[in-house]
Amino acid sequence: MPFVRIDLIRGRRPEDIRAIADAAHRAIVDVLAVPERDRFQVITEHDADHIIALDAGLGFERTDRLVMIQIFTQSGRTTEVKQQVFATIAKQLEPLGIAGEDVFVSIFENGPQDWSFGFGRAQYVEGDLAVPGR
């Protein structure tokens, strides 16, 4: 855990898509201190006209290199840690030719009761998995 959704505009090479996923995962492992094998990612490519991401009034333009990342994770991280996740992801993506204005990241928090890793069971609640940070 965490669960990560990555949305991209269609047209990248498979190795570039994997590099983006790897960079996001590396940042999450490094900053959130999750185990390397806690990797749950879904990558979706969209036609260019199926992603709309304006600048929210910040005064910059995005390109077709846009990467949108949603991170679903257990609650309890500080604002500073979340800011570090944002900065680290942007830094990890920069060498891949993805500029800062094309990196959009959001973190969604929830609790241990909100996760099932298989078999229709709540492994955190049932004690099969240790709740991260506890």
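What you are looking at is a predicted structure, and each value in this text was computed from that prediction instead of being measured. When reading the values below, keep in mind they use all heavy atoms of this one structure, side chains included, and skip hydrogens, waters and symmetry mates.
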Heavy-atom donor-acceptor pair, Asn110 side chain to Asp114 backbone, under 3.5 Å | no
Can you tell me if Gln92 uses its side chain to pair, donor with acceptor, with the backbone of Asp22 under 3.5 Å?
-> no
State the [atom1]-[atom2] distance between [X] and [Y], to the nearest 0.5 angstrom.
{"X": "Arg12", "Y": "Ile43", "atom1": "CZ", "atom2": "CD1", "answer": "11.0 Å"}
{"X": "Ser106", "Y": "Lys82", "atom1": "OG", "atom2": "NZ", "answer": "9.5 Å"}
{"X": "Ile6", "Y": "Glu45", "atom1": "CD1", "atom2": "CD", "answer": "11.5 Å"}
{"X": "His46", "Y": "Ile51", "atom1": "NE2", "atom2": "CD1", "answer": "4.5 Å"}
{"X": "Asp7", "Y": "Gln70", "atom1": "CG", "atom2": "CD", "answer": "6.0 Å"}
{"X": "Leu66", "Y": "Ile52", "atom1": "CG", "atom2": "CD1", "answer": "11.5 Å"}

Matching residue for Arg10 among Asp64, Asp49, Asp47 - test: salt bridge (charged side-chain N to carboxylate O under 4.0 Å, His left out) = Asp47
Would one find more than 12 heavy atoms of other residues, nucleotides or ligands at under 6.0 Å from atom [atom1] of [X]?
{"X": "Glu94", "atom1": "CD", "answer": "no"}
{"X": "Phe104", "atom1": "CZ", "answer": "no"}
{"X": "Glu61", "atom1": "CD", "answer": "no"}

Can the ring centroids of Phe72 and Phe108 be said to lie less than 6.0 angstrom from one another?
-> yes
Does a side-chain heavy-atom distance below 4.5 Å link [X] with [Y]?
{"X": "Asp102", "Y": "Val67", "result": "no"}
{"X": "Gln41", "Y": "His25", "result": "yes"}
{"X": "Val103", "Y": "Phe86", "result": "no"}
{"X": "Val81", "Y": "Val31", "result": "yes"}
{"X": "Arg18", "Y": "Arg13", "result": "no"}
{"X": "Arg26", "Y": "Asp30", "result": "yes"}

For residues [X] and [Y]: do they belong to one hydrophobic cluster (side chain heavy atoms under 4.5 Å, members Ile, Leu, Val, Met, Phe, Trp, Tyr)?
{"X": "Val34", "Y": "Trp115", "answer": "no"}
{"X": "Val42", "Y": "Ile17", "answer": "no"}
{"X": "Val4", "Y": "Ile9", "answer": "no"}
{"X": "Ile71", "Y": "Met68", "answer": "no"}
{"X": "Ile69", "Y": "Leu8", "answer": "yes"}

Electrostatic pair Arg62-Glu101, nearest N-O below 4.0 angstrom | no
Considering all heavy atoms of both residues, which atom of Pro35 and which atom of Val29 are nearest to each other, and what is their separation?
-> O-CG2, 4.2 Å
On a heavy-atom basis, the closest approach of Ala27 and Thr88 is CB-CG2, 3.5 Å
Test side chain to side chain contact (heavy atoms under 4.5 Å, CB included), reference Arg121, set Phe119, Tyr124, Phe117, output is Phe119
